[in-house]
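First comes the structure, then the notes that go with it.
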Amino acid sequence: MKKITATILLLIIFLVTFVFRTYFAFQTPEFSYNSYFSLRQIEHIEETGFPLFHDDLSFGGRTFLFPPLFLYVLSFFSLIFNASFIAKVIPNLLASLIIFPIYLSAQHITKKRIISLMGAFFSAFIPVFFSNTINNISAYTLVIPLIFFIIYFLIRSDEAIYLNLALFFLVVLVLTHSSSFFLVLGLLLFLLLMKVEYLHVEKKELEIVLFSTFLILWFNFVIYKQAFFMHGPLVIWQNIPIEILKNFFFDLNMLQVLYVIGIIPLLLGVFAVHNVFFKSKKRSVFLLLGFGLATFLLLWLKLVPFRVGLIFLSLVLVLLATYGTKLIYSYIKKTKKPKYANFFLVGLFILFILTSFIPALNSASKEVQITPSNEEIAALNWIKLNTPVDSVILGTLEEGHLINYFAERKNVLDSNFLLIPDAQQRYEDVNLLYKVRFKTEAVRTLNKYDVNYIYFSSKFNKEEKLYYVDEDCFTKVYDNSIKIYEVLCEIK
Amino acid sequence: MKQSFLENKINPLMFIFILAVLLLIFPSFIRHAQDNSIMVGEAYYDLRISNSIIEGKLLNFDSLQERTYDVNLYHLILSGLNLFMSPILIYLFVPFILGVLSLILFWLILKKFNVEKNVLFFVLFIYVLSPIFLFLFTNLNKYSIVVVLSLASFLMFLSKKPLLSILTLIFIPLIDFSSFIIILLMILIYAFLKDKLKQWNYLLIISTITTLISIFILNLSVTFEFLIKKPAFGELWTSFGALIGLSIFTLFLAFLGFASLWKKKRTFLFFNISFIMFLIISMFNDPAKIIFNFFISGLAGYAFYLLISRNWAIITIKKFTILLIFCSLIFSTSVYVNGVTSSQPNKELVDALEFLKYYEAPSLFETEVVFSHNSYGFFIEYFANKKSFLDTNSIKDDNYDLMNNVSNEIFYSRNLDDTELLLRDNNIQYFLVTDEMKKGFVWKKPDEGLLFLFQSSNKFLKIYDQPGVQIWSYSNFVI
C-alpha cells in the first residue's frame with residue numbers, strides 16, 4: 001500500500017471515528033453524572049480565568065487539587081462556542097486522535113501499512129474506550145492519546161525531533177492529569193524487562209526514564225503536597241471510601257472484561273507477548289510490555305479505576321495485536337498459499353467488527369442513556385429557585401456534582417474524596433440516610449451535616465422511599481418522580 | 001565547569017559549610033521575624049525538666065505532671081548549660097555547633113572509607129539538605145547529641161581506637177537507649193564484616209555493661225516499649241508529614257546509588273547490608289531513621305555524582321534532570337522548614353499562657369489542670385506552669401487509653417452533666433482553645449461538643465480572648 005493511500009485511509013478512519021463519537025454524544029443534551037464537575041470548572045475558568053480550587057459547594061466547602069490543563073483547553077474553545085457544545089465535541093475529537101499514535105507505532109513495529117491501519121481502526125472502536133469516553137468530560141480523553149504519542153516518540157527516540165516531541169508531550173501530560181504515574185511505572189518496568197532479558201539498555205533510554213521519573217514525581221508532589229500531608233501514603237487511593245474501592249473497581253466479571261476489551265486484540269496480543277518473550281525479543285515491543293505490566297500492576301493494586309485500567313490495557317493489547325497479526329501474516333505469506341494472508345486480514349477485520357465494533361456501538365448507545373433526566377434537572381432547578389443560597393442538599397454520591405451544577409447548592413458528598421477528612425464516615429452516613437428506618441437516627445445524621453433538604457430520586461438507591469420521613473420533621477416541598485423534603489427538626 | 005567549581009573556584013567544603021549555616025539559621029530567623037519563640041515542640045518539656053533539676057525539684061518524680069521521671073543525661077547536660085546561658089542562646093547556638101560538628105565527623109568518616117573528594121561533596125550536600133539534618137540541628141533535642149556521639153564513636157572505631165569509641169558510646173544509652181541499640185548494631189555489623197574480632201569482643205563486653213547500667217538507671221520497661229514502634233510507612237517520609245522523616249526523592253537517588261554499587265557489592269558490603277537493614281528498621285524506629293539518613297545521603301550523593309559526571313547522550317535532558325533532582329531535594333527541605341516555621345507555639349499562644357500563669361481566680365481544685373489538645377501540653381506546662389490534662393508524653397502512661405477517652409468525651413460531648421462530672425473528677429479548671437483547634441484540629445463545627453457548652457452554659461467563663469486563642473474557666477456554681 002502506498003503511503004498516500006494509507007494517509008487518506010487513516011484520515012478517513014479518524015473522520016469515521018469522530019463522526020460516530022459525536023453522533024452518539026449528541027443523542028442526549030446532557031452528560032454523564034461526573035461530567036458536571038468538569039463543566040462547572042470550565043464555566044468558572046471562563047468567568048474568572050482560574051479553576052475552582054476552593055469550592056464552597058462540594059462537600060459543603062473544600063479544596064480541589066488537580067493539574068488544570070485539560071480544563072483550560074476546553075475553556076479556551078468555549079470562548080468561541082457554547083461550553084456544553086465544546087464539552088461534547090472536544091473530548092471526542094481528542095479521543096479520536098488515538099488512531100494516530102497507534103497507527104504510527106504499529107507501522108514502526110510491523111512495517112505493514114495495512115496492519116497498522118487495522119490497528120488504528122481497532123483502537124478507535126475498542127468497546128471500553130469508545131463507550132466510556134463518548135459522553136464523559138474526562139481528562140483521560142487527552143491523557144490516553146498523549147501517553148500513546150509519548151510511547152511512539154520514545155520508540156523512535158533515536159531521532160532528535162521525536163525525542164524533543166516526547167519531552168514536550170511529557171510536560172503536557174504532567175500538566176494534564178496525575179495518571180502520568182502510569183508512564184513512569186511503564187518505563188521502569190520496561191527497564192526491568194530489558195535487564196531480565198539481558199538486553200542492552202541504551203544511554204538515551206536510561207536518561208529519558210530518569211528525567212520522566214523525576215519530572216512526574218516532583219510535579220505531582222508539588223501539586224498534591226497538601227493531600228500527601230493529610231492522607232499519607234493512602235493518597236494513592238485518593239481517599240476513596242473502602243466500600244467504593246471494593247465494589248467500584250471490579251464491577252465487571254471475566255466475560256464482561258473480554259467483551260469490553262475485545263477478544264481479537266486479547267488473543268493476538270497474548271500471541272505477540274509469547275513471541276516477544278520466547279523468540280524475537282524485539283525492543284520496541286518490550287516497551288509496550290512494560291506498559292502492559294504497569295497496567296496490570298495498577299489494576300491489581302486498585303490504583304486506577306477498573307475501566308480506565310482496562311482502556312490502557314486494551315490499547316496496549318491492540319498495539320501488541322498488530323505485531324501478532326504481522327507475525328501470522330508473514331508466516332502465511334511464506335506458505336504455499338500466500339494469497340490467504342490477505343484473507344486472514346479480511347477475516348480478522350470481520351471478526352473485529354462482530355466482536356468489538358458492534359459491542360462498542362451497543363455500549364455507547366447504552367452509555368449515553370446514563371445521564372440526568374429532564375425530571376432530575378427540573379427538580380434541581382426548583383431547588384435553585386426556591387431554597388436559601390446556603391442550603392445543604394443531601395443527594396447520593398452520583399448526584400453530588402448535579403446538586404452543585406444545576407441547583408448551585410452545597411452537597412454532602414460527591415465523587416471527589418481527596419482532602420476530605422471524614423470521607424469514609426460521610427459515605428457511610430449518606431448511605432445510611434437512604435436506608436435507615438428510625439427518625440431519630442436520621443435526624444441526628446442530617447443535623448451532623450447541616451442538611452436542609454433531601455433530594456430523593458431513587459435512581460441510585462435500592463429503596464423506593466425514605467422510611468423515616470413524616471410530617472413532624474419533614475415537609476415534602478417538591479413531589480414529582482423526584483421528591484424533595486425539607487428537614488425541619490434538630491436534635492440538640 | 002564541574003572541575004573548576006569543585007577544585008578551583010571555591011572550596012567545596014566551605015560551600016557545604018556555608019549552606020549548612022544558612023539552613024540551620026533560616027528557620028530560627030523566620031520564627032524570630034514572625035515574633036515567635038525560636039524553640040518548638042518537645043524543647044519546652046526538656047527546658048522545664050532542666051529548670052526543675054536546677055531548682056532541685058526533680059529527682060525521679062515530675063511533680064507538675066505527677067508522673068515518674070526517668071533520669072536522662074540529656075536533661076542534665078541541658079540544666080548544666082542553663083546555668084551559664086539563657087534558653088534562647090542554648091537553642092540558638094548548641095544545635096548549630098552540634099550540626100557543624102556532625103558535618104565534620106561525617107566528613108571524616110567518609111574520608112576513612114576513602115570516598116572520592118568529588119563524591120564527598122555531593123554526599124555532604126545531600127546530608128545538609130536532608131530534613132533529618134534540619135530536625136536534628138535547627139532545634140536542640142536528645143537526638144542532636146546522640147548523633148554527634150554516635151558519629152564520634154564510629155569514627156574512633158574506624159580510627160582503631162576502640163577504647164575511645166566505647167567511652168563515647170557509653171553515654172548514648174543514658175540519653176536514648178533505642179539509639180544505643182541502633183548504633184551498636186551498626187558498629188557490630190561493620191566489625192563483623194571487617195573481621196575485627198578484637199573490637200568485636202570489646203564491644204560485646206562494653207555493650208553488656210552499658211545495658212546493665214541503663215537497666216539500673218533507667219526504667220527499661222518503658223524504654224523497650226519504645227524501641228519498636230508500630231510500623232507505619234507514612235511515618236517514614238517528610239512529604240507525608242513525619243517529624244523525623246526522609247525525603248522520597250533522596251531515597252530514589254539512593255536506590256540508584258545502591259544499584260550502581262551492586263557490581264562492586266563485595267567492596268561495599270557494609271553499605272549495602274546497612275542500607276537494606278536500616279531501611280527495614282526505619283519503619284518502626286526513629287533513631288534507625290536518623291542513622292539510615294547517613295546511608296541514604298552516602299548512596300544518593302554517589303548517584304548524584306554519577307549522574308553529573310557521566311557522559312549523557314542528550315545534554316538537554318541532562319540539564320533538566322539535574323535541575324529536577326535539585327528541585328526535588330529542595331522540595332523536602334522546604335516542606336520541613338515550612339513545617340518548623342509555622343509550628344506552635346506562636347506569639348499569641350505564648351501570651352495567652354503567660355496570662356494564665358499569673359491569672360488568679362477562686363480555685364476549685366487543689367491542682368488546677370488545663371485542658372486542651374495534647375500537642376499543647378508541653379507549652380501549658382512550661383509557660384503557664386500548670387498541669388496539662390494530656391501532653392505528648394502521656395502516651396507512655398499506663399492509663400493513657402482511659403485518659404484519651406476522657407479527653408475525647410470532654411471535647412465532643414454536648415451533655416453538661418456528663419462533662420461536669422469528668423471535669424470535677426480530673427480537676428480541670430481551665431480550657432485552652434485555639435483557632436487551629438476550631439478549624440479541624442479538634443472540632444469541625446462552631447457548635448460542636450465543648451464549644452456548644454461554652455456558648456450555652458453559664459458555668460464557663462471566658463477569661464482570655466485574643467485573636468487566635470481563648471481561655472475558658474470552669475466553675476461549679478452558676479456565674
Side-chain angles (χ1 to χ4, degrees), chain A residues 59-62 157-158 160 163-164 166-168 170-171 174 184 188 191-192 195 201-236 419-422 425-426 444 447-450 490-492, chain B residues 232-242 245 247-249 251-253 255-256 259-260 262 283 303-304 306-307 310-332 334-335 338-339 412 414-416 439-441 444-448 452-453 456:
Chain A
F59 283 83
R62 53 89 60 84
S157 59
D158 287 346
L163 186 78
N164 292 336
L167 297 181
F168 174 72
L170 187 70
V171 174
V174 166
V184 172
L188 290 174
L191 284 188
L192 189 74
K195 282 274 173 197
V201 178
E202 285 186 21
K203 262 186 178 181
K204 267 183 191 173
E205 288 166 340
L206 196 66
E207 288 164 10
I208 292 166
V209 173
L210 269 176
F211 172 73
S212 318
T213 308
F214 272 101
L215 176 70
I216 291 169
L217 276 179
W218 178 75
F219 189 82
N220 281 290
F221 264 95
V222 170
I223 284 205
Y224 295 101
K225 190 177 94 175
Q226 209 181 334
F228 280 113
F229 252 79
M230 191 164 181
H231 307 300
L234 300 178
V235 74
I236 53 174
L419 292 187
I420 303 299
D422 54 349
Q425 188 61 51
R426 272 182 188 252
R444 186 174 287 119
N447 286 172
K448 186 175 168 187
Y449 299 107
D450 299 322
E490 193 179 347
I491 294 176
K492 286 278 183 186
Chain B
F233 184 71
E235 283 290 302
L236 207 57
W237 315 106
T238 306
S239 314
F240 294 158
S247 155
I248 285 185
F249 301 104
L251 186 69
F252 181 74
L253 265 181
F255 270 113
L256 286 182
S260 317
W262 191 249
M283 306 260 186
F304 201 7
L306 281 185
L307 289 175
R310 78 181 241 138
N311 288 321
W312 287 62
I314 316 151
I315 297 300
T316 326
I317 287 196
K318 175 184 178 174
K319 286 177 185 166
F320 280 115
T321 308
I322 301 300
L323 181 70
L324 275 169
I325 292 174
F326 188 73
C327 290
S328 309
L329 293 173
I330 295 283
F331 174 77
S332 297
S334 66
V335 166
N338 189 38
Y412 301 112
R414 283 162 65 123
N415 185 315
L416 184 63
K439 288 177 183 165
F441 201 37
K444 291 183 188 78
K445 286 178 172 185
D447 59 349
E448 202 176 342
F452 170 77
L453 295 182
S456 60

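Note that this is a predicted model, so its numbers are computed, not measured. Quick note on labels: first sequence line is chain A, next is B, and so on, each numbered from 1.
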Under 4.5 Å to a heavy atom of chain A? For Leu323(B) that would be neither
Minimal heavy-atom distance between Lys225(A) and Val335(B), with the atoms involved, is CD-CG2, 3.9 Å
Honestly, the part of Leu234(A) sitting under 4.5 Å from a heavy atom of chain B is neither
Looking only at Ile208(A), Leu215(A), Asp422(A), Val235(A), the option with the highest number of non-hydrogen pairs under 4.5 Å against chain B is Leu215(A)
The interface call for Lys318(B) against chain A, heavy-atom contacts under 4.5 Å, is neither
Honestly, the part of Tyr224(A) sitting under 4.5 Å from a heavy atom of chain B is neither
Shortest non-hydrogen pair, Phe214(A) vs Ser328(B), comes out as CD2-OG, 3.7 Å
Closest non-hydrogen atoms of Glu207(A) and Ala313(B), given as atom of the first, atom of the second and distance, are OE2-N, 2.8 Å
Of Leu253(B), Ile325(B), Leu307(B), the one forming a side-chain contact (heavy atoms from CB on, under 4.5 Å) with Leu210(A) is Leu307(B)
Whatever's closer than 4.5 Å to a heavy atom in chain B on Thr213(A) counts as side chain
Bottom line for Leu256(B): the part with an atom under 4.5 Å from chain A's heavy atoms is side chain
| Quick check: are there more than 12 heavy atoms from other residues, nucleotides or ligands sitting under 6.0 Å from CZ of Phe326(B)? | no
Looking only at heavy atoms, the pair that brings Phe331(B) and Phe221(A) closest together is CZ-O, 3.5 Å
Any side-chain heavy atom of Asn311(B) within less than 4.5 Å of one from Lys203(A)? yes
Honestly, the part of Asp450(A) sitting under 4.5 Å from a heavy atom of chain B is both
Under 4.5 Å to a heavy atom of chain A? For Asn338(B) that would be side chain
Between the CD1 atom in Ile314(B) and the CG atom in Leu167(A), the distance rounded to the nearest 0.5 Å is 7.0 Å
When rounded to the nearest 0.5 Å, the distance separating CG of Leu163(A) from CD1 of Ile317(B) is 5.0 Å
Practice prompt. Determine whether more than 12 heavy atoms belonging to other residues, nucleotides or ligands lie under 6.0 Å from atom CZ of Phe441(B).
Written response: yes
